[in-house]
Amino acid sequence: MKIGILALQGAFAEHIVMLKKLGVETAEVRLPEQLDDLDGLIIPGGESTTMGKLMVDYDLLEPIREFGLGHAVWGTCAGAILLAADAHRKQPLLNLMDISVERNAFGRQVDSFEAALDISALKQADDAPFHAFFIRAPIIEAVQGEAKALVTLSDRRIVAAQDGQLLATSFHPELTGDTRFHKYFLSLIKK
Ligand code: GLN
């Protein structure tokens with residue numbers, strides 16, 4: 001199994017460390033042809049407007065969209081925004097998941113916070129609360145069609161959603177050292 005990590009901007013190196021911990025082959029993706037032999041793709045956190053513009057400049061927007069129609073793709077934070085159909089402003093989006101997001105829903109960088117999330121929906125052997133970091137994070141305000149809410153905060157706001165092989169998380173599992181979300185993503189890949 002080989003997983004690509006979009007490496008245009010943001011926290012891609014941290015995802016590579018997590019996948020290596022799980023013994024998975026990884027590849028940094030900066031060119032469309034680098035998608036060819038991948039089983040899945042991670043779009044990291046960072047800044048979604050910048051990353052979206054770079055995806056347009058590098059001719060990656062349409063190839064990643066096509067890849068996502070048949071493969072597993074996981075977006076964390078800015079990556080989750082890029083997977084969405086609607087972010088309430090004009091910016092390049094992949095429009096792969098039928099979700100709408102509100103960017104920076106919890107405020108500015110100084111309002112970053114940590115939360116213990118109930119991840120029983122992931123059906124992992126260990127379902128102890130997941131310690132999550134929210135850094136200028138989006139909220140997933142609506143899930144439609146085939147997309148389902150996967151994880152919510154205690155106030156029921158949605159912070160993880162899934163549609164088949166597509167996964168969006170508002171937070172940063174790559175910063176925790178806890179590999180359960182990465183394992184969950186790998187479990188979505190159809191062989
Ligand atoms: N605030 C960023 C955005 O709107 C996302 C932040 C992150 O990825 N940590 O794109």
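Computed from a predicted structure; not experimentally measured. Hydrogens, waters and symmetry mates play no part in the numbers below; they use all other heavy atoms, side chains included. Order of listing sets the numbers, starting from 1, for every ligand and every atom in it.
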Based purely on interatomic distance, does Ile81 place a nitrogen or oxygen under 3.5 Å from a nitrogen or oxygen of ligand 1? no
From the list Ile81, Asp86, Ile140, Ile139, side chain to side chain contact (heavy atoms under 4.5 Å, CB included) with Glu102 holds only for Ile139
Does the N or O separation between Thr76 and ligand 1 drop below 3.5 Å for any pair? no
May I ask whether Met51 has any heavy atom positioned less than 4.0 angstrom from an atom of ligand 1? no
Taking atom OH as the centre, does Tyr58 end up with more than 12 heavy-atom neighbours from other residues, nucleotides or ligands that are less than 6.0 angstrom away? no
Does an N or O anywhere in Thr49 fall below 3.5 Å from an N or O of ligand 1? no
Below 4.0 angstrom from a heavy atom of Cys77, which ligand 1 atoms are there? Numbered from 1 as shown, please. 5 (C), 6 (C), 7 (C), 8 (O), 9 (N)
Quick test: of every protein heavy atom, which one is nearest to atom 4 (O) of ligand 1, and how far off is it to 0.1 Å? Arg103 NE, 2.7 Å
Looking only at protein heavy atoms, what sits closest to atom 1 (N) of ligand 1 is Asn104 OD1, 2.6 Å
Between Trp74 and Phe185, how do the two ring planes meet: parallel, tilted or perpendicular, split at 30° and 60°? tilted
So the atoms of ligand 1 within less than 4.0 Å of a heavy atom of Gly45 turn out to be 8 (O)
Applying salt bridge (charged side-chain N to carboxylate O under 4.0 Å, His left out) to Asp36 and not counting sequence neighbours gives none
Within the distance-only criterion (no hydrogens, no angle test), does the side chain of Asp111 pair as donor or acceptor with the backbone N or O of Arg108 below 3.5 angstrom? yes
Quick one: do Phe133 and Phe171 satisfy ring-ring contact (aromatic ring centres under 6.0 Å, His included)? Show the steps, please. CA-CA 6 Å; Phe133 294 97; Phe171 48 94; 9.8 Å; no
N/O separation below 3.5 Å, Ile135 to ligand 1: yes
Could you tell me, atom by atom, which parts of ligand 1 come under 4.0 Å of a heavy atom of Ser48? 3 (C), 4 (O), 10 (O)
Closest to atom 6 (C) of ligand 1 among Gly46, Ala78, Ala137 (heavy-atom distance): Gly46
Check side chain to side chain donor-acceptor pair (under 3.5 Å) between Thr50 and all other residues, then give those that pass, not counting sequence neighbours. Glu47
Residue that, paired with Phe181, satisfies side chain to side chain contact (heavy atoms under 4.5 Å, CB included) out of Thr76, Val151, Leu186: Val151
